[in-house]
Amino acid sequence: MDPMRHAKPKKSKYWRKPLKLPGINFKDNFYVGFEWPYTNCKGDVHITTMTPDGWTCTCMGFTHRGKCKHITGVHERMTNDEDDIKYAI
């Protein structure tokens with residue numbers, strides 16, 4: 001039996017569990033895999049991604065605290081009923 005076959009994948013030192021917020025079914029969502037880029041005032045680009053397990057972001061806030069304003073912003077836009085554009089949630 002190959003010992004590497006059942007080994008867990010190594011996670012990055014900065015890997016963080018995806019954040020699940022209420023109001024969206026992440027498993028069957030059309031937007032799984034989509035990325036939303038944010039550019040801050042310094043010109044740094046942060047990527048917020050919807051995965052089947054929840055939200056992830058490349059910013060340091062998500063890396064250290066597990067949530068960030070980028071994820072909150074995209075999530076609020078997708079669950080907001082006031083917008084004319086309705087997202088598949």
Side-chain angles (χ1 to χ4, degrees):
M1 181 179 211
D2 183 14
M4 295 304 290
R5 185 171 177 204
H6 296 289
K8 288 185 177 181
K10 278 187 130 182
K11 294 179 182 169
S12 166
K13 174 180 167 183
Y14 299 107
W15 182 86
R16 187 59 103 149
K17 181 180 176 182
L19 177 64
K20 281 196 173 183
L21 295 173
I24 294 179
N25 177 6
F26 291 96
K27 296 263 185 225
D28 301 322
N29 199 298
F30 173 77
Y31 289 104
V32 167
F34 277 44
E35 298 178 339
W36 289 266
Y38 284 93
T39 305
N40 66 8
C41 60
K42 296 178 185 177
D44 299 332
V45 178
H46 304 295
I47 307 293
T48 300
T49 307
M50 181 188 278
T51 69
D53 298 321
W55 294 107
T56 62
C57 189
T58 59
C59 73
M60 293 305 288
F62 180 74
T63 302
H64 291 291
R65 290 181 288 283
K67 67 180 190 176
C68 67
K69 62 184 178 182
H70 312 111
I71 289 174
T72 305
V74 172
H75 186 81
E76 285 177 358
R77 285 184 185 166
M78 291 187 73
T79 57
N80 189 358
D81 291 334
E82 296 175 9
D83 289 340
D84 292 333
I85 300 173
K86 299 293 182 187
Y87 296 98
I89 53 174

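The shortest non-hydrogen separation linking Cys68 to Gly61 is CB-C, 4.4 Å. Between Leu19 and Phe62, the closest heavy-atom pair is CB-CE1, 4.2 Å. The shortest non-hydrogen separation linking Thr79 to Gly23 is CG2-O, 4.1 Å.
Applying the side chain to side chain donor-acceptor pair (under 3.5 Å) definition to pairs two or more places apart or across chains, those involving residues 45-62 are Trp55-His75. Residue pairs meeting the salt bridge (charged side-chain N to carboxylate O under 4.0 Å, His left out) criterion with at least one member in residues 33-45: none, sequence neighbours excluded. Listed by first and then second residue, the salt bridge (charged side-chain N to carboxylate O under 4.0 Å, His left out) pairs that reach into residues 60-72 come to none, sequence neighbours excluded.
Between the CD1 atom in Ile71 and the NZ atom in Lys20 there is a gap of 13.5 Å [rounded to 0.5 Å]. Once rounded to the nearest 0.5 Å, the distance linking CE of Met78 with CZ of Phe34 reads 9.0 Å.
Tyr38 meets the ring pair (Phe, Tyr, Trp, His ring centres under 6.0 Å) test with His70; sequence neighbours excluded. Take Pro37 and apply the side-chain contact (heavy atoms from CB on, under 4.5 Å) test, not counting sequence neighbours, and it matches Val45, Ile47.
For the pair Val74/Met50, no side-chain contact is recorded, criterion being any heavy-atom separation below 4.5 Å from C-beta on.
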